[in-house]
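See below for the structure under consideration.
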Amino acid sequence: MKFLLVEDEEFNLIVLEEMIKISYPDVEIVTANNGQEAYEMLQTNSFDLILSDINMPIMDGYTFIKKIKDELQLQTPTIAVTAFAIQGDKEKLLMAGFNGYISKPIDMMELHKILEISLLV
Ligand SMILES: [Mg+2]
């Protein structure tokens, strides 16, 4: 399996990667620092799962999900990793095309659960 992690803060990227490796030690993890970088990678590479931050420079998570759904027509399960935890934002994330979301700081059990559900689809 191959996952794409999109996140502008290096520390968050490392934490997320380490947490994923606890549940999925054999997964290949590729990282991108913003939506634009990830979008370019997706033009020539395919992944089993994408986890993306929302607040990023150059291209944010909302623009990123819209572009991969509309322009690349990707069906890859995509999880928003967001600092926003209020209900309105959760609905907005799902409406934008994300298959699920997880709040920062990331809870290990919650991450494990959302990865399991997303990979079943
Ligand atoms: Mg960010």
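Just so you know, these numbers come straight off a predicted model, no measurement behind them. For ligands, and for the atoms within them, numbers begin at 1 and follow the listed sequence. One is the number of the first residue; the rest follow in order along the sequence.
A distance of 11.0 Å separates CG in Asp70 from OG1 in Thr63, rounded to the nearest 0.5 Å. In this structure, the separation between CG on Asn33 and CE on Met56 is 10.0 Å, given to the nearest 0.5 Å. Taking CZ of Phe47 as the start and CD1 of Ile50 as the end, the distance is 7.5 Å to the nearest 0.5 Å.
The distance from the Mg ion (ligand 1) to the nearest N/O/S atom of Asn55 is under 2.8 Å.
The atom name of the N/O/S atom in Asp8 closest to the Mg ion (ligand 1) is OD1. Atom OD2 is the N/O/S atom of Asp53 found closest to the Mg ion (ligand 1).
In this structure the side chain of Ile20 reaches within 4.5 angstrom of the side chain of Ile29, judged on heavy atoms.
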